[in-house]
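Below is one structure; the comments refer to it alone.
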Amino acid sequence: MPAVSTTLRVLAVPVIALLTVTGCQTLDDAGRTLGRSDLVNDLAARLDESLARTWTAEYRLPGDRTITIAQEKEPARSAYTWTAGKITVSEQAITRCETTAGRTACTVVPPVLMSGKAAVPLFTEARKVGLVTPPAVIGLLTEAALDPRAQVKQTDTTITGHHASCVEVRRDAGDFDACVTSEGVLGSFTGTLDGRPVELTLDRYTDSVTPTAFDLPAGAGVTDRRPPKP
């Protein structure tokens with residue numbers, strides 16, 4: 001089983017322990033009644049399964065900023081683009097780009113094992129520079145599950161025309177709200193990650209990627225640190 005699947009499901013277990021106690025119920029996309037434990041399992045499964053599909057998600061942040069996550073199933077590759085940089089992951093390389101004072105510099109390093117899911121190393125790299133990632137949101141749910149004073153409420157909404165299941169978490173260590181769409185994409189998040197307040201909302205979602213989604217920024221200087229081919 002791919003490592004990311006194990007990670008997400010292990011993280012979901014303590015969340016289930018908390019939510020089962022509340023006894024609240026909701027409905028899944030097929031109209032079946034779900035307990036809260038089933039809801040968290042469903043959200044974790046959606047996030048996990050989406051890592052192996054092709055899609056593009058554009059997010060709106062405060063201050064008119066945007067970020068875009070694009071991933072392709074075949075060939076397996078992903079890209080995370082924001083105002084000051086870009087990260088791309090493929091079977092050939094990991095590329096990190098940073099824009100400072102109007103100049104963009106990119107560094108290319110050897111790829112890592114990704115079990116057919118380029119989003120796994122992509123999100124690892126994105127977290128290093130303080131970007132929001134689905135595994136980070138699941139981690140917050142896990143922390144809430146271990147907090148006996150945490151209060152969790154489930155709601156449903158529509159984000160850019162896509163149904164989303166949401167959780168509102170209220171706890172002494174910090175409140176947060178998170179939504180996941182039926183397609184398994186993070187729909188919105190408001191809270192604190194790594195000590196920083198974060199807010200983002202899905203602005204556009206498609207089940208395709210543009211041909212230029214994985215291109216390096218125009219005019220970027222490139223340093224290739226991969227070992228030469230024999």
Can you check whether [X] reaches [Y] side chain to side chain, under 4.5 Å on heavy atoms?
{"X": "Y59", "Y": "L202", "answer": "yes"}
{"X": "I69", "Y": "F123", "answer": "yes"}
{"X": "Y80", "Y": "L131", "answer": "yes"}
{"X": "T66", "Y": "E58", "answer": "no"}
{"X": "T99", "Y": "P217", "answer": "no"}
{"X": "Q92", "Y": "R226", "answer": "yes"}
{"X": "S90", "Y": "F214", "answer": "no"}
{"X": "T104", "Y": "K86", "answer": "no"}

Nearest-0.5 Å distance that lies between atom [atom1] in [X] and atom [atom2] in [Y]:
{"X": "T133", "Y": "F189", "atom1": "OG1", "atom2": "CZ", "value": "10.0 Å"}
{"X": "H163", "Y": "E183", "atom1": "NE2", "atom2": "CD", "value": "10.5 Å"}
{"X": "L200", "Y": "W82", "atom1": "CG", "atom2": "CH2", "value": "14.5 Å"}
{"X": "R149", "Y": "R170", "atom1": "CZ", "atom2": "CZ", "value": "15.5 Å"}
{"X": "R127", "Y": "E125", "atom1": "CZ", "atom2": "CD", "value": "13.0 Å"}
{"X": "C166", "Y": "D177", "atom1": "SG", "atom2": "CG", "value": "8.0 Å"}

- Query: Is a side-chain donor or acceptor of T160 paired with a backbone partner of D203 at a separation under 3.5 angstrom?
  - Reply: no
- Message: Using modelled atom types and a 3.5 Å cut-off, is there a donor and acceptor pairing between side-chain atoms of R65 and backbone atoms of P62?
- Response: yes
- Is there a side chain to side chain contact (heavy atoms under 4.5 Å, CB included) between D207 and R53 once you walk through the steps? CA-CA 8 Å; D207 58 2; R53 296 201 299 264; over 6 Å; no
- Among T190, L61, V132, which residue meets the side chain to side chain contact (heavy atoms under 4.5 Å, CB included) test with E199? T190
Please give me the minimum heavy-atom distance between [X] and [Y], naming the atom from each residue.
{"X": "V209", "Y": "Q71", "result": "CG1-O, 3.5 Å"}
{"X": "S50", "Y": "G184", "result": "OG-O, 3.0 Å"}
{"X": "L216", "Y": "C106", "result": "CD2-SG, 4.3 Å"}

